[in-house]
There are 2 protein chains.
Amino acid sequence: MAAVDLATHPGHLARRLQQAHYLLWNTMVSEETTSPQYAVLNALVAEPGLDQRTVGERVGLDRSTIAEVVSRLGRRGLLDKVRDPQDGRRSLLRLTDEGLRVHRRLGVRIARMNQVFLAPLAADEQAVFIDLIRRVADAAEGLRNPAEPTAAPG
Amino acid sequence: MAAVDLATHPGHLARRLQQAHYLLWNTMVSEETTSPQYAVLNALVAEPGLDQRTVGERVGLDRSTIAEVVSRLGRRGLLDKVRDPQDGRRSLLRLTDEGLRVHRRLGVRIARMNQVFLAPLAADEQAVFIDLIRRVADAAEGLRNPAEPTAAPG
DNA sequence: AATCTTTCGTAGGTGCACTGACGATACATG
DNA sequence: CATGTATCGTCAGTGCACCTACGAAAGATT
């Protein structure tokens with residue numbers, strides 16, 4: 001038998017980490033608004049009127065997924081979606097007052113939740129944790145767009 | 001405007017980390033067999049004849065999710081599923097020869113993939129990375145089963 | 001033996017995430 | 001100006017992950 005200890009597999013741990021966060025979010029932040037939905041709201045607070053695809057890029061969602069998330073937020077009246085008059089392909093997004101309200105209201109709860117989430121780690125470990133995850137995630141992100149073949153590499 | 005930097009939110013990073021891993025798995029390990037599916041195969045290599053619910057517990061999947069994953073693996077002929085004669089509620093799972101073959105074949109690729117995944121980190125950082133993620137995930141796992149109320153806590 | 005209570009699996013519903021394909025629009029080249 | 005290419009959004013399909021609710025089976029209590 002060649003069974004392996006999954007506890008040493010970063011991918012398996014990443015999945016469990018995300019499940020843990022999902023659970024905590026659901027109990028401590030909101031049952032209606034999910035974490036990806038909040039990320040979209042947040043991106044639109046920072047840059048109102050952004051087009052749908054760019055919002056997806058900002059928060060790490062592909063075109064299919066951002067379309068669904070935006071659709072749900074629109075159905076709940078948290079954002080408006082209009083065609084760009086300058087470029088008929090684009091959909092421009094903008095939060096409604098209700099969307100702004102929801103975003104503001106969740107801020108406090110998210111801060112509390114993050115504290116609980118990271119509570120098992122000492123303060124300096126928390127900083128390391130953030131740094132390491134970001135570096136790994138960013139690196140793999142780079143493999144996604146395999147360096148435009150403007151000049152074919154040898 | 002009260003927009004926040006998501007790069008400091010562990011939950012958001014956890015999601016991006018998992019997406020990164022998904023992408024890498026899909027390109028470097030397998031397009032047919034997913035990471036959760038492999039986890040199930042692995043659990044059954046270690047303990048053949050385990051019941052469905054326990055397998056789910058071992059790999060971190062709830063009853064609904066493990067049912068779907070098992071169903072897919074069964075449809076592909078990678079495992080057999082029989083009712084426990086001793087306990088008619090349980091489904092006992094066992095890998096087929098093909099299931100064993102798939103598990104064995106993926107092992108090498110997964111090792112390679114893990115190296116690439118963790119490549120952005122130095123060797124000592126990789127160990128810290130694993131340790132920190134596991135501690136955070138395990139702690140949140142504990143919040144799931146809120147300590148049986150055998151003796152009501154004060 | 002008859003009645004709770006718990007446990008296991010399943011079914012239905014929601015939501016994220018990816019792929020591949022398609023139509024519409026925009027842009028670039030000839 | 002016409003053709004070709006790239007981009008944006010959408011649609012269909014697959015898969016993970018959760019919740020609630022339900023029936024079947026097992027165990028505990030009376």
Side-chain angles (χ1 to χ4, degrees), chain A residues 11-12 14-27 30-40 50-57 59-76 81-93 144-145 148-150, chain B residues 11-12 14-27 30-40 50-57 59-76 81-93 144-145 148:
Chain A
H12 184 250
R15 186 170 62 81
R16 295 221 304 122
L17 183 68
Q18 214 235 337
Q19 291 173 223
H21 174 256
Y22 173 91
L23 178 71
L24 218 52
W25 180 285
N26 215 34
T27 60
S30 171
E31 294 187 352
E32 296 84 38
T33 307
T34 66
S35 169
Q37 286 173 14
Y38 173 79
V40 170
L50 223 53
D51 73 283
Q52 181 169 308
R53 196 206 135 268
T54 306
V55 171
E57 193 178 292
V59 302
L61 297 177
D62 70 2
R63 288 182 301 162
S64 298
T65 307
I66 189 65
E68 289 196 43
V69 174
V70 163
S71 157
R72 285 187 197 102
L73 292 173
R75 231 180 295 143
R76 285 175 55 199
K81 176 174 177 175
V82 295
R83 283 282 174 195
D84 185 344
Q86 261 72 49
D87 185 339
R89 294 170 299 180
R90 288 186 157 81
S91 285
L92 304 185
L93 307 178
R144 179 173 239 135
N145 310 335
E148 294 300 325
T150 44
Chain B
H12 184 251
R15 185 171 62 81
R16 294 221 304 122
L17 183 69
Q18 213 235 336
Q19 290 173 224
H21 173 257
Y22 173 91
L23 178 71
L24 218 52
W25 180 285
N26 215 34
T27 60
S30 171
E31 294 187 351
E32 296 85 38
T33 306
T34 66
S35 169
Q37 286 173 14
Y38 173 80
V40 169
L50 222 52
D51 73 284
Q52 181 169 308
R53 196 207 134 266
T54 305
V55 172
E57 192 178 293
V59 303
L61 297 177
D62 70 1
R63 287 183 300 162
S64 298
T65 307
I66 189 66
E68 289 195 42
V69 174
V70 164
S71 158
R72 286 190 196 99
L73 291 174
R75 231 179 295 144
R76 285 175 54 199
K81 176 174 175 175
V82 295
R83 284 283 175 192
D84 185 343
Q86 261 70 50
D87 185 340
R89 296 169 299 179
R90 288 185 155 81
S91 284
L92 304 185
L93 307 179
R144 182 174 237 135
N145 310 335
E148 294 300 323

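Naming convention: chains lettered A, B, ... in sequence-line order (proteins, then strands); numbering from 1 in each chain.
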Counting any heavy atom closer than 4.0 Å, what does [X] reach on the DNA or RNA strands: base, sugar-phosphate only, or nothing?
{"X": "Thr34(B)", "value": "sugar-phosphate"}
{"X": "Leu61(A)", "value": "sugar-phosphate"}
{"X": "Thr65(B)", "value": "base"}

Interatomic distance where [atom1] belongs to [X] and [atom2] belongs to [N] [whole Å]:
{"X": "Glu31(B)", "N": "dT14(D)", "atom1": "CD", "atom2": "P", "value": "15 Å"}
{"X": "Leu50(A)", "N": "dG9(D)", "atom1": "CG", "atom2": "P", "value": "10 Å"}
{"X": "Glu57(B)", "N": "dA17(D)", "atom1": "CD", "atom2": "C1'", "value": "17 Å"}
{"X": "Leu24(A)", "N": "dC18(D)", "atom1": "CG", "atom2": "C1'", "value": "15 Å"}
{"X": "Ile66(A)", "N": "dC11(D)", "atom1": "CD1", "atom2": "C1'", "value": "17 Å"}
{"X": "Arg15(A)", "N": "dG15(D)", "atom1": "CZ", "atom2": "P", "value": "16 Å"}
{"X": "Arg83(B)", "N": "dT10(C)", "atom1": "CZ", "atom2": "P", "value": "6 Å"}
{"X": "Arg76(B)", "N": "dT14(D)", "atom1": "CZ", "atom2": "P", "value": "14 Å"}

Sequence-distant partners of Thr54(A), side-chain hydrogen bond (donor to acceptor under 3.5 Å, both in side chains), two or more places apart: Asp51(A)
Looking at [N], I'd like to know if its phosphate oxygens (OP1 or OP2) sit under 4.0 Å from a side-chain N or O belonging to [X].
{"X": "Gln52(B)", "N": "dT10(C)", "value": "yes"}
{"X": "Gln37(A)", "N": "dG15(C)", "value": "no"}
{"X": "Lys81(A)", "N": "dC8(D)", "value": "no"}

Comparing nearest nucleotides in DNA chain D, the 5'-proximal residue of the pair Thr54(A), Gln18(A) is Thr54(A)
Map Asp84(B) and Leu92(A) onto DNA chain D by nearest heavy atom, then report which one ends up closer to the 5' terminus. Leu92(A)
Side-chain touch [X]/[Y], heavy atoms, less than 4.5 angstrom:
{"X": "Arg15(B)", "Y": "Leu61(A)", "result": "yes"}
{"X": "Arg53(A)", "Y": "Arg90(A)", "result": "no"}
{"X": "Ser71(B)", "Y": "Arg75(B)", "result": "yes"}

Starting from the 5' end of DNA chain C, give me the residue, Ser64(B) or Ser35(A), whose nearest nucleotide shows up first. Ser64(B)
Want to settle it: does Asp87(B) or Arg75(A) sit nearer the 5' end of DNA chain C, counting the closest nucleotide to each? Asp87(B)
Where Arg89(B) and Arg83(B) come nearest, the two heavy atoms and their spacing: O-NH1, 3.0 Å
When every non-hydrogen atom of Thr33(A) is compared with those of Tyr38(A), the smallest separation belongs to CG2-N, 4.1 Å
When you measure from the side chain of Gln19(B) to the backbone N and O of Gly60(A), does any donor-acceptor pair fall under 3.5 Å? yes
Sidechain-backbone polar pair: His12(B) side chain, Val59(A) backbone, donor-acceptor under 3.5 Å: yes
Using a cut-off of under 3.5 Å, enumerate the N/O to N/O pairs linking the protein to nucleotides 3-7 of chain D.
| from | atom 1 | to | atom 2 | distance (Å) |
| --- | --- | --- | --- | --- |
| dT7(D) | O4' | Arg89(A) | NH1 | 3.4 |
| dT7(D) | O2 | Arg89(A) | NH1 | 3.4 |

Among dG9(D), dG15(D), dG9(C), find the nucleotide with the atom closest to the side chain of Ser91(B). dG9(C)
